[in-house]
Amino acid sequence: MKFGADEAVAWLIAFQGKVSENKTYLTELDQAIGDGDHGINLARGVKELANVFEASSFESASDVLKAASMTFISKVGGASGPLYGSAFLKMSMKWKEVDKDITMSELASILQEGEESIKARGKADVGEKTMLDVWHPVVQACSESDDADHFLQVAKEAMEGTKEIRATKGRAAYLGDRSIGHIDAGAMSSYYLFEALNETIKEKVV
Amino acid sequence: MKFGADEAVAWLIAFQGKVSENKTYLTELDQAIGDGDHGINLARGVKELANVFEASSFESASDVLKAASMTFISKVGGASGPLYGSAFLKMSMKWKEVDKDITMSELASILQEGEESIKARGKADVGEKTMLDVWHPVVQACSESDDADHFLQVAKEAMEGTKEIRATKGRAAYLGDRSIGHIDAGAMSSYYLFEALNETIKEKVV
Amino acid sequence: MKKILNDIDQLVEDMLNGMVAAHPNELKRVPNTTVLTRKKSPESGKVGLVSGGGSGHEPAHAGFIGDGMLDAAVAGEVFTSPTPDQVLEGIKAADTGKGVLLIIKNYTGDVMNFEMAAELAEAEGINVKSVIVNDDVAVEDSSFTTGRRGIAGTVLVHKIAGAAAMRGAELEEVKLVAEKVIKQVKSMGVSLSPCTVPASGKPGYSLGDNEMEIGTGIHGEPGIERTSIMTAQEIASTLFEKINHDLDLASGDRVSLLVNGLGATPLMELYILNNSLSALLKEKQIIVVDTIIGEWMTSLEMSGASITLLKVDDELEDLLLEKADTVAFKRGV
Amino acid sequence: MKKILNDIDQLVEDMLNGMVAAHPNELKRVPNTTVLTRKKSPESGKVGLVSGGGSGHEPAHAGFIGDGMLDAAVAGEVFTSPTPDQVLEGIKAADTGKGVLLIIKNYTGDVMNFEMAAELAEAEGINVKSVIVNDDVAVEDSSFTTGRRGIAGTVLVHKIAGAAAMRGAELEEVKLVAEKVIKQVKSMGVSLSPCTVPASGKPGYSLGDNEMEIGTGIHGEPGIERTSIMTAQEIASTLFEKINHDLDLASGDRVSLLVNGLGATPLMELYILNNSLSALLKEKQIIVVDTIIGEWMTSLEMSGASITLLKVDDELEDLLLEKADTVAFKRGV
Ligand SMILES: Nc1ncnc2c1ncn2[C@@H]1O[C@H](COP(=O)(O)OP(=O)(O)O)[C@@H](O)[C@H]1O
Ligand SMILES: Nc1ncnc2c1ncn2[C@@H]1O[C@H](COP(=O)(O)OP(=O)(O)O)[C@@H](O)[C@H]1O
Ligand SMILES: [Mg+2]
Ligand SMILES: [Mg+2]
Ligand SMILES: [Mg+2]
Ligand SMILES: [Mg+2]
């Protein structure tokens, strides 16, 4: 599938739309078991990202992701800023190795770079009720099937599945058992990211 | 009428009862147009007064009023403490001049000393929406009629009449026109004082 | 009402003990009174400064005891003037033979109780003078004889009179400089939510979800107007206009600024308010020689803030910038 | 939500400008950043101290800039860690060639952002070390790997590390003494009512009319238990027990005390709490060498308080009592 600069921008603009639209919801999720700023933080980041996209043009998807990385790192703050920032930085580097035309399994390997870097930066693993609990199964799903709806379905279930997890990382961890029963805010925003990816692939990518 | 130490104590104990019972009401009145402590302040004073009466015995009404004065001055604080304290001090001095057996018009002259000293201490006059608006007509009433119910009736009307006055003294003065429509807290407590006096005269005084 | 306390009747007692426990080298209690005084009395020959009033305004007043400000502070019950016998004890504790200045805020109760105390002290041979602070410009009515309330500007009276006393001025001089400050210091506040006197258990007034009150006193006395919530900029200019109506500042005039939180307002908001205010002053070319910002004259957990402007000349500026070392206010030490 | 502000998006900007306007001789901004630093940089040859974090904790952290404490503070959005590029600017502003110590509170976001900044600074040739404060004993769970939060105890880390740096210690020494403090400093708080992050507009949690929460974090993170409102005495002993479970103080041990208001709690109540606490310590024959009381690490307008105990030895006591002259905290100046 063709996935160059335009598609990458489309992906992140779609992400921006979802985050802005659901800013309050994300914040509410974070309020329930965190400190209630995830929607605010991320919305500030993606808004700036839209400005960056407006002002510059890009050669490749890799360049787009690199710009996104810088914006996340310098505009989001909190835990999610460095996490998304690191993930996009590493994905940008990996994307350089592939062509404009990528396969779903190449996409999987790119996303895996993101997952790994979140793990490293956050010193976290799957099952701790963080965004990783969405990233990890999505990477798996992309390597299993070429159907973009497959990873979306997986992402959705994984996001909802964070409800059942007892947090051991992030602010929600302070709640112990009381963190159970709430969707993790970062898992939700990551779901939006993959939902945006699914839509981009289906609408734009040939 | 016989009005010695016992009667004076009975008067002030009756006052104590009324103030304690209506502590919240007095405070609410003060809250509406003042700072909401009149009931608290005065209840603290009369409670201490009851202790003083318990611990000591007195020769004359004058002695009782002197003790009351000291207690008001040292236990009440705020505006009402020095006002009641000064009033009782001057009344105590005047009472020395009369006998155990006093006439209503002698009582009027004693209360007038109280009124004068409130005026002097508070640099206030009748018509400024303070306790003076009860004291002044009561003094008048006592000099007009030997019937204790007469001054009580006058006190009641005067107390209720403070509702219509625009305050120019005390904290209520800060409200200007907005002070209209509320009974003055000190007028209310003074009404209790004269109600207690009426009851003492009718029940105890022969 | 939710408060951290033990026995409502012992509130002032517990607070005073807690203060002495926290500042054992600076403060001591005068036994069986509500007076706090310096741990080490100043050398004799210094005019004593005594302030006080109802409790609930902390750090005022005991927090200002120390070098360059007060020698003793007398605490009343919450929002209730202390009684004359207590004030008398404060005067005695502060007197080193050179006389005592009483700094009184203009409330009927305070004035009466402090003046009675002054009479008692005079009778005991202590030279006592007093000044009455009335900086709150919210109150203004010709038919109104009680006069203006004393609020946060009192802190600057403490500071400047305290500096003069520390430098060895005589009682009359200290009184004169205090009166000079009082003439030039004007304040006004806004409240966004009320406070609750512990013994009453209920808020002193109520404000709607989107309402604020302009000109509220530090005991919750009503202000001059209720409006919907304003921006920091609007608050700064509203308060400044009212203050400047009295001060009549011209370009090039020098002022000292006090931005005071009433209890529950975050310091962040005070700084934002100061940002708007200082921009406004800059525009008018009024020179700010000093800014004191924080909680100095509070009203329990009221939320809101007051602004105080003191127009200074060389003398006042010099005394204002003099060092001070008290429990709550320290400068250039 | 009622707050004194202008533009919610400009909140931090306006606050920083308001701070510099209020303290023009002490603070300056690093242009186009959210970094505040000393007006006059310290002589070269002093280890630089940088702290920071989300805004809303004022006077933390910029209020502690000055002699004997911090050299720069980096402000994030309200309750949100500042980003690595901003922290890097703070590091650069504080570096005089002798290296920089980062004082980080243990939150995932803060740790990641500050550590990324340290990596960037190292890449630019600046010697950077960091310490992570985790004094909040409310958090305790073996299955829990994030570790404890950093709260008010951070102020004592600033104070003591700052004193060591002022005296000329090398970066490694400053780091070691900071770590010694971190090992011995334990805190815990209670909240009586929540605060509202301006951008969200709604309180972070809710508490019933008669409820309080034990162990709430300074961003409103849930604590360990909700109870009905306790007396000051009960609060003091509950917090002390939990703190002492870690510190294990014995009769004759010396501690330094920090009684910290979370924003809306009147100073009166902090003193009452201190009265109960100091009585309890006296009973256990634990010696209080110093008490710092007031609002130092706040949570916007949250009401409640935290207690911090630092077990001191001669070295820590000596550094603690060293003089300091910052915007918010002054000692022995
Ligand atoms: N150590 C970690 N590893 C991976 N993800 C994490 C970690 N800590 C937090 N997160 C994610 O970050 C989200 C919170 O982001 P945000 O609210 O922006 O930051 P903060 O917690 O600093 O306020 C959480 O919901 C979680 O998904
Ligand atoms: N100048 C004055 N002259 C006479 N009475 C006054 C004066 N000022 C106040 N009062 C009376 O005192 C009452 C208030 O007493 P209190 O609430 O105890 O004192 P404070 O106003 O100091 O809180 C008022 O209701 C009024 O009747
Ligand atoms: Mg968050
Ligand atoms: Mg009153
Ligand atoms: Mg009162
Ligand atoms: Mg956050």
Side-chain angles (χ1 to χ4, degrees), chain C residues 2-6 11 14-19 21-23 55-56 58-59 63 78 190 192-193 195 209-212 229 231-233 235 257 259 263-276 278-279 288 291 293-295 298 300-301 303-305 323 325 328 330-333, chain D residues 2-6 11 14-19 21-23 55-56 58-59 63 78 190 192-193 195 207 209-210 212 229 231-233 235 257 259 263-276 278-279 288 291 293-295 298 300-301 303-305 323 325 328 330-333:
Chain C
K2 291 196 280 189
K3 290 184 187 276
I4 300 179
L5 47 80
N6 291 309
L11 211 89
D14 289 353
M15 172 183 74
L16 296 175
N17 285 335
M19 286 196 82
H23 314 292
S55 294
E58 292 68 31
V78 175
V190 296
L192 277 68
S193 70
C195 62
D209 273 357
N210 196 29
E211 274 186 334
M212 58 181 271
I229 182 91
T231 64
Q233 219 148 35
I235 292 171
L257 221 61
V259 180
T265 292
L267 194 49
M268 165 183 272
E269 295 175 36
L270 299 183
Y271 278 120
I272 292 173
L273 181 61
N274 183 56
N275 187 43
S276 292
S278 58
V288 178
T291 303
I293 187 163
E295 294 186 339
T298 61
L300 296 170
E301 70 287 344
S303 85
K323 63 182 197 280
D325 191 1
K330 296 181 203 291
R331 159 161 289 174
V333 253
Chain D
K2 290 197 281 189
K3 292 184 188 276
I4 300 178
L5 45 81
N6 291 309
L11 211 88
D14 289 353
M15 173 183 72
L16 296 175
N17 285 336
M19 285 195 82
H23 313 292
S55 294
E58 291 67 31
V78 175
V190 296
L192 277 69
S193 70
C195 62
L207 278 166
D209 272 357
N210 196 31
M212 57 180 271
I229 180 91
T231 64
Q233 218 150 35
I235 293 171
L257 220 62
V259 179
T265 292
L267 194 48
M268 166 184 270
E269 296 176 35
L270 299 184
Y271 278 120
I272 291 173
L273 181 61
N274 183 57
N275 188 42
S276 293
S278 58
V288 178
T291 303
I293 187 163
E295 294 186 340
T298 60
L300 297 169
E301 71 287 343
S303 85
K323 63 180 195 281
D325 190 3
K330 295 181 201 293
R331 159 161 289 175
V333 251

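Keep in mind that what you see is a predicted model, and the values were worked out from it rather than measured. Lettering of chains follows the sequences in order, A, B, ..., and the numbering in each one begins at 1. Hydrogens, waters and symmetry mates play no part in the numbers below; they use all other heavy atoms, side chains included.
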* Drop me the distance from D/Thr231's OG1 to D/Leu273's CG, to the nearest 0.5 angstrom. => 10.0 Å
* Interatomic spacing from CG in C/Asp325 to NZ in D/Lys330 - rounded to 0.5 Å -> 11.0 Å
* To do: Could you look at D/Val78 and say if it's the side chain, the backbone, both or neither that has a heavy atom under 4.5 Å from chain C?
  => side chain
* To do: Please determine, among D/Gly56, D/Ala22, D/Gly63, the option with the most heavy-atom pairs under 4.5 Å with chain C.
  => D/Ala22
* Structure fact -> So, the part of D/Leu11 with a heavy atom under 4.5 Å from chain C: the answer is both
* Is it the side chain or the backbone of D/Ser278 that comes within 4.5 Å of chain C heavy atoms, both, or neither? -> side chain
* In terms of heavy-atom pairs under 4.5 Å with chain C, which of D/Ala21, D/Pro59, D/Cys195, D/Pro266 leads? -> D/Pro266
* Structure fact -> Honestly, the part of D/Ile235 sitting under 4.5 Å from a heavy atom of chain C is side chain
* Lys/Arg-Asp/Glu bridge criterion (N-O < 4.0 Å) met for C/Glu211, D/Lys2 -> no
* Asked: So, do C/Thr265 and C/Leu270 sit near enough that their side-chain heavy atoms are less than 4.5 Å apart?
  -> yes
* Flag the one option from D/Ile293, D/Asn210, D/Asn17 with the top tally of heavy-atom pairs under 4.5 Å to chain C. => D/Asn17
* **Which portion of D/Ile229 sits near chain C, non-hydrogen atoms under 4.5 angstrom** => side chain
* Structure fact -> Across all chains, not counting sequence neighbours, the side-chain contact (heavy atoms from CB on, under 4.5 Å) partners of D/Glu58 are C/Leu267, C/Met268, D/Met15, D/Ser55
* Which atoms of D/Leu16 come close to chain C, meaning under 4.5 Å heavy atom to heavy atom: side chain ones, backbone ones, both, or neither? -> neither
* Qualifying residues under side-chain contact (heavy atoms from CB on, under 4.5 Å), relative to C/Ser276, sequence neighbours excluded -> C/Ala232, C/Gln233, C/Ala236, D/Asn6
* So which of D/Glu301, D/Lys3, D/His23, D/Met212 has the biggest tally of heavy-atom pairs under 4.5 Å with chain C? -> D/Lys3
* Structure fact -> Looking only at C/Thr291, C/Leu192, C/Ile4, most heavy-atom pairs under 4.5 Å shared with chain D are made by C/Ile4
* To do: Indicate yes or no for a side-chain donor-acceptor contact from C/Asp14 to the backbone of D/Ile272 under 3.5 Å, with no hydrogens or angles considered.
  => no
